[in-house]
Each structure stands twice: as C-alpha cells, then as structure tokens.
Protein chains: 2
Amino acid sequence: MPPDLQPAFRALADPTRRDILRRLSAREMTLAEVTRHCDMTRAAVKKHLVVLEEGNLIQMRRQGRETISTLNAAALKPVTDWLSYFDAFWQDKLTALTTALQDEKDNT
Amino acid sequence: MPPDLQPAFRALADPTRRDILRRLSAREMTLAEVTRHCDMTRAAVKKHLVVLEEGNLIQMRRQGRETISTLNAAALKPVTDWLSYFDAFWQDKLTALTTALQDEKDNT
DNA sequence: GCTTTGTGATACCATTTGGCATCCTTTTAT
DNA sequence: ATAAAAGGATGCCAAATGGTATCACAAAGC
C-alpha cells in the first residue's frame, strides 16, 4: 500500500515551506531559529512546521523549552517516485527531438 | 535562471489534478472526456485544467468545438530537479542504516 | 524569587480554493 | 434551419489557507 501522497504534496505547495525544508537540510533548528529567516511571526512559522510534520517531511521534538525541527528527507521519496512515472514521457519527447535534429543534420 | 516552481507545485497539490495528469499521459483528451472521469461538473474540471496550464504541465488547444488538453511532462523536470537536491540526505541516512545493520550482522 | 526566553494554544481576519449553477456562443449533426 | 453537443465566462458559496495578535505556561538565567 503506497503512502498517502496528499499531505506531502500539500506541504510542498508553499514556497515558505520549501524554503524551510532546504534550511533544515543543513541542520536541525529550533522554532525561533527558523522564524529568524522567515519574515513572519513565530505563530505563522509554527503553522508551516505543523503542515510539514503532517506531510512527514520533518519531525519535531521538545528539548527543554525549545522545539527542534529535523528534516525527514526520506519522506520525499514517494513524491519523487510518483513523479518518476512521467520521466518516460518527457524523456521520450526529448529523445525524439534529439533524433529529429540529428536526422536534419545528417540530411544537410 | 530557473523557472518559477510555484505554479507547478501548486498544480500538483491537488489529487484531482494529479489524477488528470496521469490520464493525460495515456492520451490527450477533450474537456468532456476528462470530465467523464472526474465526478464533478465540467466547470470545475475546466478550472483544474487552467491551473495545470498555469503550471505549464499541460497545453490546451481549440479544435473545432472541442478543447484538447495535452500533457507537457517535460515541465515536471524542474520539480524533480528541486526534489533531487534532497536525495543525498535520505540516501545518506539509508546507507548509514544499511551499514549499521550489516555491522550488526557481522558482529553476530 | 523574578525575569526573560521559547513555545503552545486560541481567536480572529482576509484571501484563495474548489465546488456549483447558469447563461451565452460556437460547431456539428439531422 | 434547428437542435444538440462542447465550451467559455460569471457569479456565488463554504471551507481551507496563510497570516496576525494575544494570553498562558514552562524552562533557564540572574
């Protein structure tokens, strides 16, 4: 049974959340740290983190008084797998184009 | 300059639209045909198609009285490229896990 | 103990989103 | 010439989304 892709795709649909993911790829960060980069209130950032967590793209753990968010990049695999289904189509088109151009060159 | 990923990610965020994309991978279809599979009104389907077109994931052309939608799978490449940035992270984790399990086995 | 820092939770708000129904126009088919 | 089929364009609506402000609370620092 494949996982439900919806929460992950939903989480990826917002530029702020995609930006957060990239930052978390460097290192895990507290809510305050993430907020520092985001130009919006802590509450707003927190909402984004919750959406990312619902998509299983990050994990949050409480440590003392701070909450640390960690990237879970593996959760992106089902997404790339879904997208890879289409590789054959655009690659075919590209191959056809390349072949066509090559033929054109040959016929010169 | 990389293309703006937002319209594509936005388009992919809806399950109906993802479903339409897969159907269009088989063959191009008229609005009426797409609607037949979607369990919603033609107007609603049309809106989805517009969003897909804004994401450049499909193209629409008028032919006589019908509008034909065609998949543009190549537009998914920037999306997969963006996602591939994270491959290193989850693969590293996976490699580490595999190595750890192997070590454990070796030490038995 | 008191203050500061980091969060959680909640209520509220404007905009976007995903639907519908309806009306109008353009092609085809009879 | 009509009628039927395929769409385009609008207007409307409820719910989701992305943001704010505010209040309450626990953990750290002095």
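Please read these numbers as outputs of a predicted model, since none were measured by experiment.
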- prompt: If we only count heavy atoms from C-beta on, is the A:Q59 to A:E28 side-chain gap below 4.5 Å?
  reply: no
message: Both A:R10 and A:G64 contact DNA chain D. Taking the nearest nucleotide for each, which residue is further toward the 5' end?
response: A:R10
- request: Given side chain to side chain contact (heavy atoms under 4.5 Å, CB included), test B:Q6 with A:R18 step by step and report yes or no.
  value: CA-CA 10 Å; B:Q6 186 51 27; A:R18 290 197 301 277; 2.7 Å; yes
query: Who are the side-chain contact (heavy atoms from CB on, under 4.5 Å) partners of B:K47, not counting sequence neighbours?
result: none
- prompt: Tell me, do A:S69 and A:L24 make a side-chain contact under 4.5 Å, heavy atoms counted?
  reply: yes
- request: For the residue pair B:F89 and A:L76, establish whether any side-chain heavy-atom pair is separated by less than 4.5 Å.
  value: no
message: Does a side-chain N or O of B:H48 approach OP1 or OP2 of C:dG19 to a distance below 4.0 Å, or not?
response: yes
task: Grab the two heavy atoms, one from A:H48 and one from A:R17, that are nearest each other, plus how far apart they are.
output: ND1-NH1, 3.1 Å
Could you write out each protein N or O paired with an N or O of nucleotides 7-9 of chain C at a distance under 3.5 Å?
from	atom 1	to	atom 2	distance (Å)
C:dT7	OP1	A:L31	N	3.2
C:dT7	OP1	A:T67	N	3.2
C:dT7	OP2	A:A32	N	2.7
C:dT7	O3'	A:T67	OG1	2.9
C:dT7	O4	A:R42	NH2	3.4
C:dG8	OP1	A:K46	NZ	3.3
C:dG8	OP1	A:T67	OG1	2.9
C:dG8	OP2	A:K46	NZ	2.8
C:dG8	N7	A:R42	NH1	3.0
C:dG8	O6	A:R42	NH2	3.0

message: I'd like the 5' and 3' limits of the part of DNA chain D contacted by chain A, with heavy-atom contacts below 4.0 Å.
response: D:dT17 to D:dA28
- prompt: Whole Å only: how far is the CE atom of A:M40 from the C1' atom of C:dA14?
  reply: 16 Å
- prompt: Is there a side-chain contact between A:T16 and A:M40, using heavy atoms and a 4.5 Å cut-off?
  reply: yes
message: In this structure, would B:M29 and B:L52 fall into the same cluster of hydrophobic residues linked by side-chain contacts under 4.5 Å?
response: yes
query: Which part of the nucleic acid, if any, lies within contact of A:A44, taking any heavy atom under 4.0 Å across all strands shown: a base, the sugar-phosphate backbone alone, or nothing?
result: base
